[in-house]
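Just so we're clear, the structure is a prediction, and the values are computed from it rather than from any experiment. Quick note: numbers below take in every heavy atom, side chains included, and nothing from hydrogens, waters or symmetry partners.
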Amino acid sequence: MTHPAGDRAVVPDPLAYDAALRKRVAANLAGHERWVADLADRPHAAVAVVLVDSTAQDVVTWARDGDGMVDEDPRLPHKRLLGAAGGAAFLLCRRALTMRLHPGQFALPGGRLEPGESVVEAALRETHEEVGLELAPDQVLGLLDDYETRSGFVMTPVVVWGGAAQVRPDPSEVHAVFRIGLHQLQRPDSPRFTTIAESDRPVVSVPLGEALIHAPTAAVLVQLNWLGLLGLADPVHDFEQPVFAWR
């Protein structure tokens, strides 16, 4: 799917981070019959979609090393996201370059469930471990549909109200945490779809600031907008990932 070039300069106004937004997102998720994937012996992971407030001045929080120095790596340019904050936002991590899988890629906080854990418990634990936020179960607004990744996981997104979030990224896992305004998901050039020879499914991506974020994260963000913000139940689990994310 393509969009007129002029559309790409149009960004909606930021959304208010308030009680009305929290109520709307929670009601839309509660009224949705969630699509649940069959695990079929595949590993189960949870990701946290943490909703927070933001301004143009608090776009990025860098991880700090043991001496308190900012761990800013020039190999991971960040300027394309600097204009993406404002109003109600979500937290987007850039993975550390030292990570074994998908180093330097953008992702939501999350990881594999530990034995006996629920998806909510895993999402809250991983959020604490990766970005330093202690969030309670009563801050969970609901779940989005499962998404089956090409790397072999079933991923369950958990939407959480972050409140007055003071982010402290763990440098062993996270290079930086960005606050991305939810209004970025409602741009007229979003989502975007392309085709690849390796699949008959459309590859989905979402523009954030001047960056382009791909599935699986993009699929989660599309449903966050469609279902969480707009109340639309359109499925996203058939959206494809780019080939570089298949491993």
Side-chain angles (χ1 to χ4, degrees), residues 29 32-50 90-131 133 135 137 140-160 169-170 172-175 177-178 180 191 193-194 196 198-206 208 212-228 234-247:
L29 298 184
H32 176 62
E33 185 175 346
R34 202 172 72 86
W35 184 80
V36 179
D38 181 2
L39 285 177
D41 296 323
R42 291 175 294 179
H44 196 181
V47 295
V49 185
V50 183
F90 63 92
L91 298 181
L92 182 68
C93 298
R94 189 151 206 181
R95 293 166 62 87
L97 282 170
T98 54
M99 297 293 287
R100 183 176 62 86
L101 295 176
H102 309 297
Q105 290 187 13
F106 290 107
L108 299 165
R112 188 187 299 217
L113 273 65
E114 294 183 349
E117 256 188 338
S118 69
V119 290
V120 167
E121 291 168 338
L124 297 182
R125 173 182 54 77
E126 289 283 350
T127 300
H128 179 240
E129 293 175 359
E130 293 185 12
V131 301
L133 292 184
L135 301 176
V140 173
L141 304 185
L143 309 182
L144 298 174
D145 289 348
D146 287 348
Y147 185 85
E148 299 168 297
T149 74
R150 282 288 193 170
S151 58
F153 283 82
V154 171
M155 184 176 76
T156 301
V158 180
V159 184
V160 190
D170 177 357
S172 69
E173 297 191 64
V174 178
H175 175 63
V177 180
F178 295 86
I180 307 296
F193 298 98
T194 57
I196 56 175
E198 295 84 353
S199 175
D200 59 0
R201 297 160 54 191
V203 177
V204 66
S205 60
V206 293
L208 303 175
L212 198 61
I213 307 301
H214 303 281
T217 298
V220 174
L221 296 178
V222 169
Q223 192 174 46
L224 173 64
N225 178 45
W226 285 356
L227 177 60
D234 303 56
V236 301
H237 55 268
D238 282 335
F239 290 166
E240 184 61 275
Q241 303 169 231
V243 174
F244 69 77
W246 289 20
R247 59 184 185 279

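Residue S205 comes nearest to H214 through the heavy atom pair CB-ND1, 3.6 Å, listed as atom of the first residue, atom of the second, then distance. The two residues V236 and A219 come nearest to each other via the heavy atoms CG2-O, 3.6 Å. Looking at every heavy atom in both residues, V177 comes nearest to C93 through CG2-SG, 4.2 Å. Contact detail for P242 and V203: the closest heavy-atom pair is N-CG1, 3.8 Å. Residues L124 and L135 approach most closely at CD1-O, 3.6 Å, considering heavy atoms. In plain terms, the two heavy atoms of D146 and H237 that are nearest each other are O-CB, 3.8 Å.
Side-chain contact check for V160 versus T127: every heavy-atom pair is 4.5 Å or farther apart. A 4.5 Å side-chain heavy-atom check between L227 and D145 finds every atom pair outside the cut-off. Between L91 and L133 the shortest side-chain heavy-atom distance falls below 4.5 Å. Within the 4.5 Å cutoff, the side chain of P216 has heavy atoms near those of the Q241 side chain. Counting heavy atoms from C-beta outward, E130 and D170 have side chains that stay 4.5 Å or more apart. Using a 4.5 Å heavy-atom threshold, the side chains of T217 and Q105 count as separate. Put simply, the side chain of L29 does not reach to within 4.5 Å of the side chain of L143, judged on heavy atoms.
L221 CG to I213 CD1: the interatomic distance, rounded to the nearest 0.5 Å, is 8.0 Å. Considering CD of E173 and CD of E126, their distance stands at 6.5 Å, rounded to 0.5 Å.
Pairs passing the salt bridge (charged side-chain N to carboxylate O under 4.0 Å, His left out) check and including a residue from residues 147-157, sequence neighbours excluded, read R42-E148, R150-E240.
Taking the six-membered ring for Trp and thresholds of 30 and 60 degrees, F106 and F178 have ring planes more than 60 degrees apart, a perpendicular arrangement.
A donor-acceptor pair under 3.5 Å is absent between the side-chain atoms of R95 and the main chain of V174, judged by distance alone. In this structure, Y147 contributes its side chain and F239 its backbone to a donor-acceptor pair below 3.5 Å.
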Open item on the list: Could you walk me through whether F90 and V220 satisfy the side chain to side chain contact (heavy atoms under 4.5 Å, CB included) test, starting with their C-alpha distance in whole Å, then the side-chain angles of each, then the deciding distance to 0.1 Å, before giving a yes or no?
Closed with: CA-CA 12 Å; F90 63 92; V220 174; over 6 Å; no

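Considering only residues two or more places apart in sequence or on other chains, N225 meets the side-chain hydrogen bond (donor to acceptor under 3.5 Å, both in side chains) condition with Q186. Take E117 and apply the side chain to side chain contact (heavy atoms under 4.5 Å, CB included) test, not counting sequence neighbours, and it matches L113, E114, E121, A122, R125.
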